[in-house]
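Reviewing the structure listed below.
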Amino acid sequence: QAKHGSGDTTVVFSPDLEAQLSEQGKLERQLIEALDRRELKVAFQPVVDACSGDICGVEALARWNSQAGPISPEVFIPVAERAGLIGMLGSQILEEAIAQGSRWSELQIAVNVSPLQLRNRYFAGGLKATLDEFAFEPHRLTIELTEGVLISNTDQAKRSISELKALGIKVALDDFGSGFASIGSLRQFSFDRVKLDKSLVANIEHDAQAAEVLAATINLVNAIGIPVTVEGIENRYQAEFARQAGCHQLQGYWFSKPLSKEELAKRFLSP
Ligand code: C2E
Ligand code: MG
Ligand code: MG
Ligand code: MG
């Protein structure tokens with residue numbers, strides 16, 4: 001038996017767990033190297049206007065092509081958070097997204113930010129410096145936060161959100177409908193946009209109740225007066241249903257997968 005971590009949880013090491021931990025350690029070390037060499041890339045997924053189908057923005061998504069092949073952000077973001085690397089990772093992604101965004105003047109650029117990044121009291125100030133460096137207008141940047149930020153709910157995270165908003169940066173709540181975020185919290189944080197989680201869209205073409213829940217959720221967010229994006233749109237039915245339910249922006253494989261900056265420019269932007 002061995003003690004592990006903080007508090008008084010006792011963890012019994014099994015061969016399995018040991019293997020898992022050394023796997024984590026390996027990932028951590030590889031991630032440190034990748035960050036050192038600035039090997040992480042950014043993919044851009046179009047966000048389209050629900051009525052016209054025209055591209056109106058992009059979401060920047062971190063990509064890591066490790067020596068052992070691509071690793072999903074669902075895997076390496078939590079590793080970065082646990083290892084204290086998320087600040088460095090996050091600022092590399094923000095810088096790359098803003099640098100690229102400054103060349104695409106017609107598009108809104110959305111970047112995912114971990115709640116842990118907001119606990120740094122220099123976060124908003126550092127971001128402002130990056131925006132200035134690239135002459136990027138703050139209102140063209142949207143920071144996407146998951147409800148982790150509502151749960152952790154630290155004073156510093158709240159202050160960071162206020163500072164972002166005071167700078168003119170937009171703040172969106174991501175993955176709404178996948179967890180505990182409440183109607184009250186939408187109002188309390190005065191989010192500029194709410195993105196509905198893809199689980200709300202999955203299967204609506206086969207499940208009438210799921211379709212009703214999606215429509216009701218779109219209505220609910222509209223009723224609070226916040227613009228809604230539905231993500232995870234994979235077919236024409238889902239796109240049309242979300243549009244008719246009152247959603248103004250859509251995102252998903254039906255329109256495009258996340259693309260490299262070159263592909264995005266080639267396929268969606270006029271030369
Ligand atoms: P998210 O912010 O909710 O991003 C949407 C995810 O859904 C992306 O996965 C995207 O590729 C995927 N997606 C888009 N359209 C569809 C679709 O039609 N169907 C399905 N099934 N999936 C679709 P990805 O790129 O693997 O990212 C996963 C999550 O990792 C993101 O979820 C976000 O929470 C996190 N993440 C990604 N990049 C960053 C980053 O730079 N910083 C932080 N903190 N988190 C990031
Ligand atoms: Mg997102
Ligand atoms: Mg999401
Ligand atoms: Mg997500």
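Atoms within each ligand, like the ligands themselves, are counted from 1 in listed order.
Of the residues listed (R37, R29, Q30), the one engaging E33 in a side-chain hydrogen bond (donor to acceptor under 3.5 Å, both in side chains) is R37, and it is the only one. A side chain to side chain contact (heavy atoms under 4.5 Å, CB included) with L131 is found for exactly one of L167, L94, I98, namely I98. Results of the side chain to side chain contact (heavy atoms under 4.5 Å, CB included) test with V228 over L250, V221, L220 single out V221 as the only residue that passes.
Rounding to 10 degrees gives 110° for the angle at the Mg ion (ligand 3) between OD1 of D175 and OE2 of E231. One finds an angle of 90° at the Mg ion (ligand 2) between OE1 on E144 and OD2 on D174, to the nearest 10 degrees.
Not close to ligand 1: T146, with no non-hydrogen atom less than 4.0 angstrom away. At least one heavy atom of E59 sits less than 4.0 Å from an atom of ligand 1. Assignment of G90 to the shell around ligand 1 is not supported, since no heavy atom sits closer than 4.0 Å. Close to ligand 1: R63, with a non-hydrogen atom less than 4.0 angstrom away.
Taking every heavy atom of Q45 and a limit of under 4.0 angstrom, the matching atoms of ligand 1 come to 14 (C), 15 (N). Within the listing of ligand 1, atoms 11 (O) sit less than 4.0 angstrom from a heavy atom of P258. The distance from ligand 1 to the heavy atoms of D174 drops below 4.0 Å at these ligand atoms: 1 (P), 2 (O), 3 (O). Listed by number with element, the atoms of ligand 1 under 4.0 Å from a non-hydrogen atom of I233 are 18 (O).
The shortest N/O to N/O separation between L89 and ligand 1 does not fall below 3.5 Å. For a threshold of 3.5 Å applied to N or O pairs, the pair formed by E231 and ligand 1 contains at least one separation below that value. Not a single N or O atom of Q117, backbone or side chain, sits closer than 3.5 Å to an N or O atom of ligand 1. Looking at ligand 1, you'll find an N or O of D175 within less than 3.5 Å of one of its N or O atoms.
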ask   = Checking side-chain hydrogen bond (donor to acceptor under 3.5 Å, both in side chains) for the pair K195/Q251: CA distance, chi angles, key distance, verdict?
value = CA-CA 10 Å; K195 296 184 78 169; Q251 183 181 346; 2.8 Å; yes
request  = For K261 and E96, run salt bridge (Lys or Arg N to Asp or Glu O under 4.0 Å): C-alpha distance rounded to whole Å, both residues' side-chain angles, the deciding distance at 0.1 Å, then the answer.
outcome  = CA-CA 11 Å; K261 54 182 188 251; E96 172 68 21; 3.6 Å; yes
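Here Q251 has no heavy atoms under 4.0 Å from ligand 1, in either its backbone or its side chain.
Judged purely by distance below 3.5 Å, without hydrogens or angles, the side chains of Q249 and D49 never pair a donor atom with an acceptor atom. With 3.5 Å as the limit, one finds a donor-acceptor pair spanning the side chains of Q108 and T142.
Residue pairs meeting the side chain to side chain donor-acceptor pair (under 3.5 Å) criterion with at least one partner in residues 120-134, sequence neighbours excluded, are K128-D132. For residues 202-237, there are no ring-ring contact (aromatic ring centres under 6.0 Å, His included) pairs, not counting sequence neighbours.
Electrostatic pairing of K198 and E234 does not count as a salt bridge here, judged by no charged N lying under 4.0 Å from a carboxylate O.
Panel note: side chain Q45, backbone S256; a donor-acceptor pair is recorded below 3.5 Å. R140 places a side-chain N or O within donor-acceptor distance of the main-chain N or O of L107, the cut-off being under 3.5 Å.
Looking at W64, Y253, F76 and measuring to atom 16 (C) of ligand 1, the nearest heavy atom belongs to Y253. The option from V75, N112, V201 that lies nearest to atom 42 (N) of ligand 1, judged by heavy atoms, is N112.
The Mg ion (ligand 2) has an N, O or S atom of N112 inside 2.8 Å of it.
The minimum distance between the Mg ion (ligand 2) and any N, O or S atom of E59 involves atom OE2.
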